[in-house]
Amino acid sequence: MSPPSSATPPAAGPFQGAAVIGGTHGLGRALALAARERGLRTVVYGRSAAHLPDDEGLLPRFLDLCDPQSVRTVSVDVPQPCYVLWVAGAFLKKPLVETTECEVEQLTRLLFTGPVLFLRRLLARTAGPVHLITIASSSSWKRRERESLYCGLKAAQATLVRNLVPEMRAAHPENRITLINPGGLAVPDFHTGLDLDFGAMMDPVRVAEIVWDIATGQRQAFTEVQILRSRAPGSEGTPEVSYGARAPQPPEEPAPVSPPAHH
Ligand SMILES: NC(=O)c1ccc[n+]([C@@H]2O[C@H](COP(=O)([O-])OP(=O)(O)OC[C@H]3O[C@@H](n4cnc5c(N)ncnc54)[C@H](OP(=O)(O)O)[C@@H]3O)[C@@H](O)[C@H]2O)c1
């Protein structure tokens, strides 16, 4: 299915604000700028929030998701009704036995514990409606190598928000959740040290537009969307949108079926 597109960004409906957890760089920054373009007062959380350019109209707030004290004390007052975007993350490609205890703890805080505790505070304070947009990953269901911790945490993120739907619905009938599983994005900082062809990966600005088009058009309580990059010759890196969850791939490629021998 080709992605939805809009020449002018659709209005954000009754929503007044957006809070982007990890909105300082990469996809989060593109999502934050697109939120502002849609007229939303946009709060951007991250460690480098203080370095955002003044003229972009974003409202910066320092947050270190790896520091429990920072997560406990940062302001969760956001303009309401609001979109909340769970985007922050970092990548780790390493066999588990080579991963230090500190790396396990920090990545778990960044990708899971920190955002969960932040959301717990924010949702408890917010009357609603709240529309939570979660950026998980196709790594939550795809076969990968030397990425078990990253993939496990991304699957946990996706599973958490699916199971948050009934509680959110009970809290406010117009609460919504959008779960996005993107494939590879052309964000070199995320893939530090890896030799990748960024020309064949998706443009984060384009993906951000697609995410906002899906979220602003969403009527049901929950939508799960895959945004994967095309591998077709000539259109490598073009985003391809499909709806619904994917079954996890088995850990090894299925053995090729050998053709029947002819004698
Ligand atoms: N890039 C890809 O190919 C890809 C594919 C699928 C899914 N994703 C997911 O998309 C999301 C965004 O990734 P990206 O590619 O845009 O990466 P990125 O450019 O490296 O951005 C990561 C964001 O997370 C924030 N962050 C990192 N550590 C933090 C901390 N300790 N506390 C608070 N915020 C922190 C960063 O802000 P500060 O540095 O200011 O703290 C930054 O805004 C991630 O969840 C990632 O798993 C990425």
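The structure presented is a predicted model; accordingly, all values stated were derived computationally and were not measured. Both ligands and their constituent atoms are indexed starting at 1 by order of listing. Below, each value reflects all heavy atoms present in this structure, side chains not excepted, and no hydrogens, waters or symmetry copies.
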Please write down residue, atom name and distance for the protein heavy atom closest to [atom].
atom	answer
atom 5 (C) of ligand 1	G183 O, 3.2 Å
atom 32 (N) of ligand 1	L65 N, 2.8 Å
atom 17 (O) of ligand 1	F190 CD1, 3.3 Å
atom 22 (C) of ligand 1	G89 O, 3.4 Å
atom 10 (O) of ligand 1	I135 CG2, 3.6 Å
atom 6 (C) of ligand 1	P182 O, 3.3 Å
atom 40 (O) of ligand 1	S48 OG, 2.5 Å
atom 31 (N) of ligand 1	D64 OD1, 2.9 Å

L27, V43, L85, V84 screened by side chain to side chain contact (heavy atoms under 4.5 Å, CB included) with V20, the one that passes: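 The passing option is L85.
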With atoms numbered from 1 as shown, which atoms in ligand 1 lie under 4.0 angstrom from a non-hydrogen atom of [X]?
X	result
G184	3 (O)
S137	6 (C), 7 (C)
L27	16 (O)
H191	1 (N), 2 (C), 3 (O)
G26	16 (O), 19 (O)
K154	44 (C), 45 (O), 46 (C), 47 (O)

So for [X], does at least one of its heavy atoms come nearer than 4.0 angstrom to any atom of ligand 1?
X	result
C66	yes
Q106	no
F91	no
A186	no
A136	yes
M201	no

Step-by-step side chain to side chain donor-acceptor pair (under 3.5 Å) determination, R36 to T42: CA-CA 6 Å; R36 251 223 11 100; T42 303; over 6 Å; no
I want to check something: taking the side chain as every heavy atom from C-beta on, are [X] and [Y] in contact at a cut-off of under 4.5 Å?
X	Y	answer
H51	P60	no
R41	Q16	no
V87	I21	no
I135	L31	yes
P250	R143	yes
R29	L52	yes
L228	V241	no

Nearest non-hydrogen atom to [atom] belongs to which of [options]?
atom	options	value
atom 33 (C) of ligand 1	V20, L63, V44	L63
atom 4 (C) of ligand 1	L196, T24, L185	L185
atom 11 (C) of ligand 1	I180, L153, V87, L110	V87
atom 41 (O) of ligand 1	H25, M202, R47, R29	R47

From OG (S138) to CD (Q249), nearest 0.5 Å: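 S138 atom OG to Q249 atom CD measures 9.0 Å (nearest 0.5 Å).
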From CG (L123) to CG (N175), nearest 0.5 Å: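 If I round to the nearest 0.5 Å, the distance is 7.5 Å.
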Contact partition for [X] relative to ligand 1, non-hydrogen atoms under 4.0 Å:
X	result
R109	neither
V187	side chain
F62	neither

Within-cut-off N or O pair, Y45 and ligand 1, under 3.5 Å: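 For ligand 1, there is no N or O atom that lies under 3.5 Å from one belonging to Y45.
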Polar side chain donor-acceptor pair, S242 to Q226, under 3.5 angstrom: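 S242 vs Q226: no donor-acceptor pair found between side chains.
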Mutual orientation of the aromatic rings belonging to Y45 and F118 [parallel < 30°, tilted 30-60°, perpendicular > 60°]: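 Perpendicular: the ring planes of Y45 and F118 meet at over 60°.
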Mutual orientation of the aromatic rings belonging to Y83 and H131 [parallel < 30°, tilted 30-60°, perpendicular > 60°]: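 Y83 vs H131 ring planes: tilted.
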Check ion pair E236-R231 (N to O, under 4.0 angstrom):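 No, E236 and R231 are not salt-bridged.
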Distance-minimising heavy-atom pair for V187 and P204: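 Smallest heavy-atom distance, with atoms named: CG2-CG, 3.9 Å.
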